[in-house]
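Letters go in sequence order (proteins before strands), and every chain restarts at 1. Reckoned from all heavy atoms, side chains included, excluding hydrogens, waters and symmetry mates.
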2 protein chains.
Amino acid sequence: MDISNILGKQLIGYQELADGTEYFHSVDPATGNESPIRFYKATSTEVNMAATLAESAFTSYRKKSGGDKSTFLLKIADELAENKALLVSVCGAETALPQARLEGEVGRTINQFKLFAELIAEGSWIDARIDTAIPDRSPVPKPDLRSMLIALGPVAVFGASNFPFAFSVAGGDTVSALASGCPVIFKAHPAHPKTSELVGKAILNAAAACGLPAGVFSMIHGDGPSIGTALVTHPAIKAVGFTGSYKAGKSIMDAAFRRPHPIPVYAEMGSSNPVFVLPRALKQHHSAIASGYIQSLTMGAGQFCTNPGLLIYQDDGAQDNEVFLGTLKEGISQATTHALLTESIETAYSRGVSERSSNPALAILASNLASEKHPIPTLFSADHTVFSKDPSLEEELFGPSGIVVAIPSKNELLQFAQKLSGHLTATVHATEEDLVEYKELFDVLEQKVGRVLINGFPTGVEVSHAMVHGGPYPATSDSRSTSVGTAAIFRFTRPVCFQSYAASLLPEELKNENPLGIWRIVNGIRTNK
Amino acid sequence: MDISNILGKQLIGYQELADGTEYFHSVDPATGNESPIRFYKATSTEVNMAATLAESAFTSYRKKSGGDKSTFLLKIADELAENKALLVSVCGAETALPQARLEGEVGRTINQFKLFAELIAEGSWIDARIDTAIPDRSPVPKPDLRSMLIALGPVAVFGASNFPFAFSVAGGDTVSALASGCPVIFKAHPAHPKTSELVGKAILNAAAACGLPAGVFSMIHGDGPSIGTALVTHPAIKAVGFTGSYKAGKSIMDAAFRRPHPIPVYAEMGSSNPVFVLPRALKQHHSAIASGYIQSLTMGAGQFCTNPGLLIYQDDGAQDNEVFLGTLKEGISQATTHALLTESIETAYSRGVSERSSNPALAILASNLASEKHPIPTLFSADHTVFSKDPSLEEELFGPSGIVVAIPSKNELLQFAQKLSGHLTATVHATEEDLVEYKELFDVLEQKVGRVLINGFPTGVEVSHAMVHGGPYPATSDSRSTSVGTAAIFRFTRPVCFQSYAASLLPEELKNENPLGIWRIVNGIRTNK
């Protein structure tokens, strides 16, 4: 692959198509310069082609063995690795994200494919269950029952702007859907269309090398809600993955629910990731916590879904608190950022900061006005009582801005936690003694989020088996799932039971002799025999 | 307990309340006689009390150990067993269901509690995952991550009329929600209010004996959509279980989706459970298949969610087909039934049969007009082409009526299967040679239903580990779940991840030393060490 490959068309099956007349350009957010290539927005005919092709590919792709699908995922990882330098360079010019960060992100994306490849090659994830027959049971015989998870069908995925690799074309939604046996139609984010096209072609190269049917992966361009609605409401689509704003996510949820046959939507829609600093931790570690917080808040210009937008501490009037605030102020006034990903994010961030500035319930604690053209990192302070009057203060402001909340007592801190809405993460800074005294806080927080951290910062989402990147509404549309980590595969599956099946028709996973050697539940007992 | 216990009030926490003025009576469907006891419909104040109490009980109940919750479930099983004779007698008088059937159903309900008790006492269901830290990993340290499933919160359950024990107050939704750690508010079905009250009190006796907080279980009465909407839209309710009609289920789905924070709904809404008879099986076993089909269709007066309302066979003009149809006709004309559960079911069934009778696309194959006051078992026949013109023919008609569909060729049979909507089950009667020739049919059917059976009948839903009682929309609202069997517990849970947690705060399930000895996934490897 090289940059001359980029034609700005839809990738539908193995074809490149551009039937429409509307188009947009890739923009360098650092300079505002447009690249000359026209990226054509998909037409409804093209959406229909992609969906129909995905439906057809599903018939054979879902039946591929875990080994075959694993080979496909590893081949995608290879394609990404081979083209890493090109990908990073093209992506840098349309996202303003630093090279080191993008290199790390491509590495993470490659590792994600490898992890899912390992998961499905091993195969036990499929939750095979066997209850053997008892033909002479009284009063009625017990039949032979065997169940496992099967793939739902073609999945529509809407990528995020902020992780052009890890949450985009070859991101967690795509890899988990492909791993489960579902074809993917990816709606590329207009903030990085060149990168999207290259990554889309890397996936298609891998699909072709593995001899997979056209339609196992397609990618379309577009912006605005109409193309998304056309995709989500297409009868062939059986599930949706989405990462973005609450407004766009809710509109996809609505479209999916209005279908004659509603389908599941996994939308990650925003979170302000509260960080609690307990009294002894503040006293002992105020400097490190304040610096760590500022770093986490301003990293990537604050464009992380796990960005810690709320910092809560118990203000007992001690002198350490003043020092803590001082370090925060100093940190934010010196924080360096880079250009935001898109003009619309920039506009929304500026408007958000301006609205917060004129909100009488908030005071500006500090900001880095010297950051000039880049987004101005800004820290506000607020009394905890204002949150119950104005729940919008708890909403995410995408960018390097946070609100520092002082709470006078433990009881009020617990009440504040109890009133929190759903978030992706909650963090607590605590000493051993704090942990004992504030045990109840953790019971509350685990009901509010998908991940609770102690003495860390929420940015940095490990791709592993135990990760949960999810959380109660409105952080996500479906708290029962994670979009990162191997458990993300379950989102695109459902169980099916085979009763009194002939051995010849049983999938390998459910045959008596366990040819795959996977872990199964046989008459209630876990075994890999 | 005895019958004088029945007061017709709401059971809210450990209190019996009746604030409202509207009431209804228990009716014997065999005679139409009303029992004098007034069953008061819950007021919105009572709904709110029950929900608030459930929210409060959740705080401590969710933290009970698997062992403690298991003891509670076993105590409920004991209470049901002790009162079995009373329950069966009271239930028989308000459902017209035969004694032997009700005794079997109480037994099944008791066994269901025992199975879930075993599941949660063992504990591995919780999907504990541990990824250990790598502090010196480059470029960033890997944190310690541990995840498991936690309970969602108070669950509203709407019981079915057709299984007054197994899908009602102490049914699969209640037991799986309680097992997961969720309090239950049960909306009793007005078709068997006396039975509901006795069973509700059995659960409360068990809760009291186990010292559980008030609100872990409540039961309210009502009919019509308003009480259901009040319950489903209460902010304290976090999930819904429902078994009933499509119309009522869809209205609950709508109410749950319209909430400021939507919640999951598990609604089982109807299915006509297609049964396919392949050519060689028909030739060799037509008599047994026809008799078995009639028995499955008319069992319990056809009031099963897995009632086989569609019988499809390939009509090659052979003489065996005529004999097959003859046996079906003879079977239906002699089928005995009993009164339907309620007047409204009776009205809907009569209307349905009458509409089918006047539908020019259907012919009456046979009916048992001699059944007089009881529902008239009726078999229709239809050409397969009429289904694509009138999709309503695929919908469930609750009662002992089916449609027999003759299809001229294998290809058309496959096409018919491909066009099917979502159902709970599909059944295929086949010889070994049929299985080889019609392999593709099974690939199609597993995408249409939750359970595929070979050479059996779908009525009879085993409570076990591998059972899937669910299926694609509109059979259920959420094909990713089962409402019967141990996997039903997952419906009321979500994963939460603990990052860099102090050992002292970790739940037992996630401690290093694995004190519960459960199966876990540690760095990707399954182990019970």
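- Counting heavy-atom pairs under 4.5 Å between each of A/Cys497, A/Pro458, A/Ala430 and chain B puts A/Cys497 at the top.
- Interface with chain B: from residues 252-261 of chain A, residues A/Met253, A/Asp254, A/Phe257, A/Pro260, A/His261 qualify, criterion being any non-hydrogen pair under 4.5 Å.
- Residues satisfying the ring-ring contact (aromatic ring centres under 6.0 Å, His included) test with A/Phe457, not counting sequence neighbours, are A/His429.
- Atoms CG and CZ, on A/Leu445 and B/Phe498 in that order, are 10.5 Å from each other to the nearest 0.5 Å.
- For B/Arg146, the side chain to side chain donor-acceptor pair (under 3.5 Å) partners at least two apart in sequence or on another chain are B/Asp144, B/Asn512.
- Neither the backbone nor the side chain of B/Lys238 has a heavy atom closer than 4.5 Å to any heavy atom of chain A.
- Residue B/Asn455 holds its CG atom at 11.0 Å from CD of A/Gln499, rounded to the nearest 0.5 Å.
- Residue B/Leu505 touches chain A through its side chain alone, counting heavy-atom pairs closer than 4.5 Å.
- A 4.5 Å side-chain heavy-atom check between A/Thr486 and B/Ile521 finds every atom pair outside the cut-off.
- Interface summary for chain A: among B/Pro474, B/Pro264, B/Ser504, B/Gly460, the most heavy-atom pairs under 4.5 angstrom belong to B/Pro264.
- Between atom CG of residue B/Asn523 and atom OG of residue A/Ser464 there is a gap of 9.0 Å, rounded to the nearest 0.5 Å.
- Neither the backbone nor the side chain of A/Tyr438 comes within less than 4.5 Å of any heavy atom of chain B.
- In this structure, the portion of A/Arg491 lying under 4.5 Å from any heavy atom of chain B is its backbone and not its side chain.
- Contact of B/Ala487 with chain A is made through backbone and side chain together, with heavy-atom distances under 4.5 Å.
- Neither the backbone nor the side chain of A/Ala128 comes within less than 4.5 Å of any heavy atom in chain B.
- Note that CH2 of B/Trp519 is 3.5 Å distant from CH2 of A/Trp519, once rounded to the nearest 0.5 Å.
- Side-chain contact between B/Arg494 and A/Pro472: present, with at least one pair of heavy atoms (C-beta onward) separated by less than 4.5 Å.
- Contact between B/Ala466 and A/Ser147 at its shortest, heavy atoms only, is O-CB, 3.1 Å.
- Counting heavy-atom pairs closer than 4.5 Å to chain A, the top-ranked of the candidates B/Gln447, B/Lys439, B/Met467 is B/Gln447.
- For the set B/Gly485, B/Gly450, B/Ser421, the entry with the most heavy-atom pairs within less than 4.5 Å of chain A is B/Gly450.
- Contact annotation for A/Asp443: both backbone and side-chain heavy atoms come within less than 4.5 Å of a heavy atom of chain B.
- Counting heavy-atom pairs closer than 4.5 Å to chain B, the top-ranked of the candidates A/Gly107, A/Gly422, A/Gly524 is A/Gly524.
- Only the backbone of B/Val449 comes within less than 4.5 Å of a heavy atom of chain A; no side-chain atom from C-beta onward does.
- Atom CZ of A/Arg129 sits about 8.0 Å away from atom NE2 of B/His465, to the nearest 0.5 Å.
- A/Ile150 touches chain B through its side chain: at least one heavy atom from C-beta onward sits under 4.5 Å away, while N, CA, C and O do not.
- When heavy atoms are compared at a cutoff of 4.5 Å, B/Pro495 approaches chain A by way of both its backbone and its side chain.
- Within the 4.5 angstrom heavy-atom criterion, atoms from both the backbone and the side chain of A/Ser479 approach chain B.
- In this structure, chain B has a heavy atom under 4.5 Å from the backbone of A/Lys448, while its side chain stays farther away.
- Surrounding CD of B/Glu437 are more than 12 heavy atoms belonging to other residues, nucleotides or ligands, all under 6.0 Å away.
- Interatomic distance, CD1 of B/Ile134 versus CD of A/Glu462, reported as 8.0 Å (0.5 Å rounding).
- Heavy atoms from other residues, nucleotides or ligands lying under 6.0 Å from CD of A/Gln418 number more than 12.
- Ranked by heavy-atom pairs under 4.5 Å with chain A, the list B/Asp131, B/Thr482, B/Leu149, B/Val436 is led by B/Asp131.
- For a heavy-atom cut-off of 4.5 Å, chain A lies close to B/Ser124 in residues 114-124 of chain B.
- Only the side chain of B/Leu152 comes within less than 4.5 Å of a heavy atom in chain A; its backbone stays farther off.
- Between chain A and the residues B/Ser477, B/Pro143, B/Ala151, B/Pro262, the largest count of heavy-atom pairs under 4.5 Å involves B/Pro262.
- Only the backbone of B/Thr493 comes within less than 4.5 Å of a heavy atom in chain A; its side chain stays farther off.
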